[in-house]
Amino acid sequence: MTRRLFLFGDQHDNFVETSRSFIEAAGGSSNRIAVLTDGGEKAAPYVERITAPWREMGVEIAVVGPEEYGGEPTEQMVDHLKACSGIFMCGGDARQYERLYSSSMLRGLICSLYEVGIPYAGVSAGALLAAANSYGMDRRGTGHWP
């Protein structure tokens with residue numbers, strides 16, 4: 001199975017264009033993107049800004065994250081991930097993302113979805129956690145995703 005990985009340093013003014021290949025890999029306008037956040041009040045406006053152009057293209061967005069900043073993973077988050085055609089991890093506090101997604105029950109699910117061909121995209125912290133040799137978080141340098 002072909003695995004597609006899209007890593008972005010930030011979501012600058014040209015993010016609509018630079019993210020288009022991820023949206024197409026995830027099924028174009030007939031897809032459902034799981035947007036992984038670290039939760040809390042700040043997540044909603046951030047997600048809205050990033051995904052507004054995708055919504056205009058007809059992409060369905062499922063926001064995945066705890067209700068409160070730094071909360072624990074939930075079964076609802078698992079359900080959203082299982083129903084997605086693409087995974088997008090936002091930027092933010094890399095340690096929170098690492099705890100929520102790389103060091104929890106969600107890691108295995110994210111890895112298995114990626115292994116079967118669900119495209120993964122990450123911006124900033126989301127890109128860092130996908131790096132093959134990420135020394136920023138994992139001192140062993142083993143990275144987080146396959």
Side-chain angles (χ1 to χ4, degrees), residues 1-12 14-40 43-44 46-55 57-67 69-146:
M1 179 61 60
T2 301
R3 293 181 288 172
R4 307 281 310 265
L5 181 64
F6 301 85
L7 305 178
F8 304 97
D10 63 21
Q11 69 283 345
H12 214 323
N14 64 347
F15 188 67
V16 174
E17 289 307 313
T18 59
S19 66
R20 188 173 304 277
S21 57
F22 165 65
I23 296 300
E24 290 170 0
S29 63
S30 63
N31 64 19
R32 184 169 197 249
I33 303 296
V35 177
L36 282 55
T37 75
D38 55 3
Y46 178 79
V47 169
E48 181 57 37
R49 181 172 48 86
I50 289 173
T51 63
W54 298 349
R55 291 177 198 269
M57 293 179 212
V59 174
E60 183 182 348
I61 304 297
V63 179
V64 178
E67 288 188 29
Y69 177 77
E72 297 300 319
T74 66
E75 285 301 319
Q76 182 181 26
M77 293 166 70
V78 170
D79 293 342
H80 283 310
L81 280 163
K82 287 181 177 177
C84 75
S85 61
I87 300 169
F88 178 85
M89 186 179 290
C90 296
D93 184 341
R95 294 194 186 281
Q96 287 289 356
Y97 281 99
E98 198 256 344
R99 185 186 63 74
L100 273 168
Y101 300 105
S102 299
S103 298
S104 75
M105 65 177 178
L106 298 175
R107 182 193 193 309
L109 176 58
I110 293 168
C111 289
S112 65
L113 291 169
Y114 179 68
E115 285 289 325
V116 299
I118 300 295
Y120 175 93
V123 65
S124 191
L128 174 71
L129 292 179
N133 290 300
S134 174
Y135 293 96
M137 297 303 300
D138 184 343
R139 293 186 179 144
R140 298 166 294 167
T142 57
H144 296 282
W145 309 141

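Just the heavy atoms: all of them, side chains too, but no hydrogens, waters or symmetry mates, feed the values below.
Between Gly86 and Ala26, the closest heavy-atom pair is CA-CB, 4.0 Å. Nearest heavy atoms, Gly71 versus Leu100: O-CD2, 3.1 Å. A pairwise comparison of heavy atoms in His80 and Ala62 identifies ND1-CB, 3.8 Å as the closest pair. Residues Pro73 and Leu106 approach most closely at CB-CD1, 3.8 Å, considering heavy atoms.
From Cys111, atom SG reaches atom CD1 of Ile118 across 13.5 Å, with rounding to the nearest 0.5 Å. Residue Thr37 holds its OG1 atom at 5.0 Å from OH of Tyr101, rounded to the nearest 0.5 Å. Taking CD1 from Ile61 and CZ from Phe88, the interatomic distance works out to 9.5 Å, rounded to the nearest 0.5 Å. Interatomic distance, Ser104 OG to Leu109 CG, rounded to the nearest 0.5 Å: 9.5 Å.
Distance alone, capped at 3.5 Å, is enough to place a donor-acceptor pair between the Tyr46 side chain and the Gly91 backbone.
Between Phe6 and Thr18 the shortest side-chain heavy-atom distance does not fall below 4.5 Å. Using a 4.5 Å heavy-atom threshold, the side chains of Tyr120 and Arg3 count as separate. Met57 places none of its side-chain heavy atoms less than 4.5 Å from the side chain of Asn31. Contact annotation: the side chain of Ile33 never approaches that of Thr51 to less than 4.5 Å [non-hydrogen atoms, C-beta and beyond].
Residues meeting the side-chain contact (heavy atoms from CB on, under 4.5 Å) test with Ser19, sequence neighbours left out: Phe8, Phe15, Trp54. For Ala125, the side-chain contact (heavy atoms from CB on, under 4.5 Å) partners are Ala94, Tyr97, not counting sequence neighbours. A search for side-chain contact (heavy atoms from CB on, under 4.5 Å) contacts involving Thr74 returns Gln76, Met77, not counting sequence neighbours. Partners of Arg4 according to the salt bridge (Lys or Arg N to Asp or Glu O under 4.0 Å) rule, which considers only residues two or more places apart in sequence or in another chain, do not exist here.
Ion pairing between a basic and an acidic side chain is recognised when a charged N comes within 4.0 Å of a carboxylate O; Glu98 and Arg95 show no such pairing.
Considering Val35, Val78, Ile87, Leu36 in turn, Leu36 is the only one that fulfils the side-chain contact (heavy atoms from CB on, under 4.5 Å) rule with Val64.
Identified under the salt bridge (Lys or Arg N to Asp or Glu O under 4.0 Å) test for residues 70-79, with sequence neighbours left out: Glu72-Arg99. Listed by first and then second residue, the salt bridge (Lys or Arg N to Asp or Glu O under 4.0 Å) pairs involving residues 31-40 are Arg32-Glu60 (not counting sequence neighbours).
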